[in-house]
Amino acid sequence: MSYSISLRAVSACIATVAICVTPTLGDPKPLSKEEQAKVDAAIDKGVAFLKKAQTKNGDWPRRYQGTYLVGQCALPAYALLESGVPTDDPVIQKAAEYLREKCKKTCYTYDLGLAILFFDRLGDPKDKSLIQSMALRLIAGQSYTGGWSYRCLPVSEKHEETLLKTIAELNKYLDSGKTYPEALRELSVANPIGLLASFQDPRRFDWVEKGDVDTLSGAGTPLIGGTDNSNTQFAILGLWAAQRHGVPVKATFRLTVDRFERSQVPDGRWIYRGGFRGSSAVDLIAYKSMTCVGLLALAIGRGAKLPTPGLPPSDRIDSQVYKGMFALYQQIGVPTGSMTKRIVHQDVYYLWSVERVAMLYKLSAFGDKDWYRWGAEILVKNQTKDGTWPGASWNRAEVPVSPNYGAILNASFALLFLKLSHPMKDLTTKLPFTKEELSEGIARLKRGQQLPERPINSPPSSKKQSP
């Protein structure tokens with residue numbers, strides 16, 4: 001049985017958030033029948049590989065042993081759901097049962113974010129309390145620099161109830177129009193919950209990472225390492241989905257958006273560690289995917305209208321978004337016109353990151369670059385006969401192929417790209433950008449021109465920036 005849905009069918013159903021199949025000015029032409037057939041075949045082979053590779057326990061063979069047990073099961077299960085595998089398929093149900101037990105205790109950021117995505121997509125009402133519990137661990141694990149490390153804080157059942165109630169009250173004050181300091185003054189938050197990042201006045205932050213501490217247990221146990229934008233991305237994705245299950249996240253996201261507004265590199269990029277504790281070689285390797293994270297965070301700030309210091313007046317061009325788009329544009333290749341000619345393999349995690357930015361901002365192309373055809377050519381050509389995608393390790397820079405996340409994770413990222421996954425559809429409709437404006441901004445920056453003072457066809461506004 002084929003679980004493939006053609007790009008044309010997807011586009012026709014969700015035209016407001018996906019790739020348009022009717023070419024307009026600047027739109028790329030749709031895939032030909034032959035191209036679409038090759039994409040569909042690659043999806044089917046990838047799905048078949050993941051289904052066959054599942055263990056009798058319901059999880060998958062691990063690339064990372066001893067850690068991320070939940071994430072390495074949730075990601076392929078989520079990818080299968082996004083690829084059209086029914087929720088009642090035995091493979092999905094076995095994964096769900098495995099995850100329900102393992103998710104009760106895990107505090108790894110990757111685990112929590114991916115498991116929330118999976119259970120949100122699964123859509124079983126009985127998982128609501130589990131989703132809430134995992135989201136509260138993410139909220140508790142946020143750093144004072146707005147990001148996340150590899151681990152979050154354990155939250156006791158007693159603290160879960162209090163934290164959910166208190167974060168809801170804080171978000172209610174923010175929704176009423178109060179500034180963050182005003183909202184905090186309305187609350188009476190006892191420690192240790194009062195020590196969490198969501199309940200701090202950001203004006204007191206020095207935005208330097210000094211080491212994270214387990215404040216909820218009082219043990220003073222340092223978390224593993226400082227924050228990075230990869231962990232932060234998965235926390236963002238999980239918390240965005242958790243909103244649909246009764247978890248208020250405005251206070252948490254306000255600090256996250258502030259993080260990315262403060263840490264953008266002058267040329268428009270974002271780096272792996274965020275710039276709050278120095279940089280290293282890994283920052284340079286991973287910056288392409290991290291620029292996608294920055295654009296995701298800025299979209300939350302603009303779409304949810306979060307009052308952060310960098311948010312521009314409504315009648316001004318949002319230079320941070322446009323510069324980020326241009327930085328990403330420079331790292332996207334050009335299709336060769338062939339799905340059989342040898343192409344240098346790209347980082348599949350990066351391809352998935354590009355896809356989510358494009359879907360979020362409704363971009364059928366980045367400027368004059370057809371991002372989907374470019375990525376699809378890479379993935380179709382480099383898929384092996386058994387349905388997997390190869391990779392090399394990070395420290396082999398001389399090998400121009402994808403970093404090796406392992407066969408299972410590589411296949412999962414590839415399927416999510418090919419199937420146009422979009423876990424933030426409800427944000428897309430709120431963004432104050434059109435694809436024409438973004439394309440014009442990319443074109444101007446490519447020509448070395450200044451951005452226009454105001455968006456295309458946008459008259460000056462008398463509205464002032466929110467405090």
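Values reported hereafter were calculated over all heavy atoms of this structure, with side chains retained and with hydrogens, waters and symmetry mates removed.
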Hits for side-chain contact (heavy atoms from CB on, under 4.5 Å) against Lys172, two or more places apart or cross-chain, chain-then-number order -> none
So, Thr428 side chain and Leu360 main chain: donor-acceptor pair closer than 3.5 Å or not?
yes
In short, Ile193 meets Leu163 closest at the heavy-atom pair CD1-N, 3.7 Å
Determine whether a donor-acceptor pair (N or O, by modelled atom type, separation under 3.5 Å) exists between the side chain of Ser412 and the backbone of Ile408. yes
NZ of Lys323 to OG1 of Thr291, rounded to nearest 0.5 Å, is 14.0 Å
Hits for side-chain contact (heavy atoms from CB on, under 4.5 Å) against Ala297, two or more places apart or cross-chain, chain-then-number order -> Ile236, Phe260
When you measure from the centre of the six-membered ring of Phe433, is the NZ or CZ of Arg302 under 6.0 Å away and within 45° of the axis? no
Value for CH2 (Trp240) from CG (Leu296), rounded to nearest 0.5 Å, stands at 9.0 Å
Taking side chain as C-beta onward, heavy atoms only, is Tyr150 less than 4.5 Å from Thr67? no
>> Are Met325 and Leu295 packed together at the side-chain level, in the sense that at least one heavy-atom pair is separated by less than 4.5 angstrom?
In response: yes
CA sep, side-chain torsions, deciding dist, call: Leu409, Tyr64, side chain to side chain contact (heavy atoms under 4.5 Å, CB included):
CA-CA 10 Å; Leu409 304 189; Tyr64 306 96; 3.9 Å; yes
| Side-chain donor/acceptor of Tyr372 to backbone N/O of Leu418, under 3.5 Å | yes
Next item on the list: Apply side chain to side chain contact (heavy atoms under 4.5 Å, CB included) to the pair Arg254 and Leu174, showing each step before the final yes or no.
Entry: CA-CA 10 Å; Arg254 187 218 55 76; Leu174 294 175; 5.6 Å; no
Nearest heavy-atom approach of Ala197 to Leu255 is CB-CD2, 3.7 Å
Side-chain ion pair, Asp426 and Arg244, N-O less than 4.0 Å: yes
Original post:
Any donor and acceptor pair, going by atom type alone, linking the side chain of Gln331 with main-chain N or O of Lys288 inside 3.5 Å?
Top reply: no
Open item on the list: Do Leu379 and Val348 make a side-chain contact, defined as non-hydrogen atoms from C-beta onward lying under 4.5 Å apart?
Closed with: yes
**Q.** Residue pair Leu170 / Phe199, side-chain heavy-atom distance below 4.5 Å
**A.** yes
So OG of Ser198 and CD1 of Ile167: to nearest 0.5 Å the spacing works out to 4.0 Å
- Before giving the answer on side-chain hydrogen bond (donor to acceptor under 3.5 Å, both in side chains), spell out for Asn410 and Arg63 the whole-Å C-alpha distance, their side-chain angles and the decisive distance to 0.1 Å. CA-CA 10 Å; Asn410 280 351; Arg63 171 67 171 83; over 6 Å; no
Closer than 3.5 angstrom, by distance alone: can the side chain of Thr145 be matched with the main-chain N or O of Trp207 as a donor-acceptor pair? no
One should read off an interatomic distance between Ile271 CD1 and Ser289 OG, to the nearest 0.5 angstrom, of 14.0 Å
Correct closest heavy-atom pair for Ile131 and Asp120 would be CD1-N, 4.0 Å
Sidechain-backbone polar pair: Trp148 side chain, Leu138 backbone, donor-acceptor under 3.5 Å:
yes
Sorted by chain and number, sequence neighbours left out, salt bridge (charged side-chain N to carboxylate O under 4.0 Å, His left out) with Lys446 holds for Asp368
Do the non-hydrogen side-chain atoms of Tyr108 and Val70 ever get within less than 4.5 Å of each other? no
Backbone of Glu261 reached by a side-chain donor or acceptor of Gln320 within 3.5 Å:
yes
Closest heavy-atom pair, Val155 versus Ala140, reported as atoms and distance to 0.1 Å, is CG2-CB, 3.7 Å
Across all chains, not counting sequence neighbours, the salt bridge (charged side-chain N to carboxylate O under 4.0 Å, His left out) partners of Arg373 are Glu35, Asp370
All heavy atoms of Trp60 vs all of Pro76, minimum pair found to be CE3-CG, 3.5 Å
Counting the benzene-type ring for Trp, do Tyr173 and Tyr180 have ring centres under 6.0 Å apart? no
- Item | Gln233/Asn229 under side-chain hydrogen bond (donor to acceptor under 3.5 Å, both in side chains): CA gap, chis, key distance, verdict | CA-CA 6 Å; Gln233 171 174 225; Asn229 287 336; over 6 Å; no
Side chain to side chain, Asp175 and Lys250, heavy atoms closer than 4.5 Å
yes
Output for pair (Cys292 SG, Arg356 CZ), nearest 0.5 Å, gives 7.5 Å
- Above 12 or not: heavy atoms from other molecules or residues under 6.0 Å from NZ of Lys369? yes
So the salt bridge (charged side-chain N to carboxylate O under 4.0 Å, His left out) pairs with at least one residue in residues 74-85 (sequence neighbours excluded) are Glu82-Arg121
Take Leu122 and Ile92 through the test side chain to side chain contact (heavy atoms under 4.5 Å, CB included) and record every step on the way to the result.
CA-CA 9 Å; Leu122 184 64; Ile92 300 299; 3.7 Å; yes
dist Tyr322:OH -> Ile442:CD1 (nearest 0.5 Å) comes out at 9.5 Å
Gln449 meets the side-chain contact (heavy atoms from CB on, under 4.5 Å) criterion, sequence neighbours left out, with Arg444, Arg447
Of all heavy-atom pairs linking Leu415 and Ala79, the shortest is CB-CB, 4.5 Å
How are the rings of Tyr349 and Phe234 set relative to one another: parallel (under 30°), tilted (30 to 60°) or perpendicular (over 60°)? parallel
Asp124 (side chain) donor-acceptor with Asp127 (main chain) under 3.5 angstrom: no
Do Arg137 and Asp111 sit within salt-bridge range, that is, some charged N less than 4.0 Å from a carboxylate O?
no
Judged by atom type as modelled, is there a donor-acceptor pair below 3.5 Å linking the side chain of Thr106 to the main-chain atoms of Lys102? no
From the list Tyr78, Tyr350, Trp389, Tyr405, ring pair (Phe, Tyr, Trp, His ring centres under 6.0 Å) with Phe413 holds only for Tyr405
Where the side chain of Thr227 meets the backbone of Ser149, is there a donor-acceptor pair that is under 3.5 Å apart?
no
| query | Between Lys362 and Leu438, does a side chain to side chain contact (heavy atoms under 4.5 Å, CB included) hold up when you go through it step by step? | reply | CA-CA 10 Å; Lys362 294 191 296 185; Leu438 293 172; over 6 Å; no
Notebook entry, point to check: With a 4.5 Å heavy-atom cut-off, do Phe119 and His245 have their side chains touching?
Noted result: no
ask   = How about Val293 and Trp270: do any of their side-chain heavy atoms sit closer than 4.5 Å?
value = no
message: Between Phe417 and Trp371 (judged by ring centroids, cut-off 6.0 Å), do the two rings come close enough to count as a pair?
response: yes
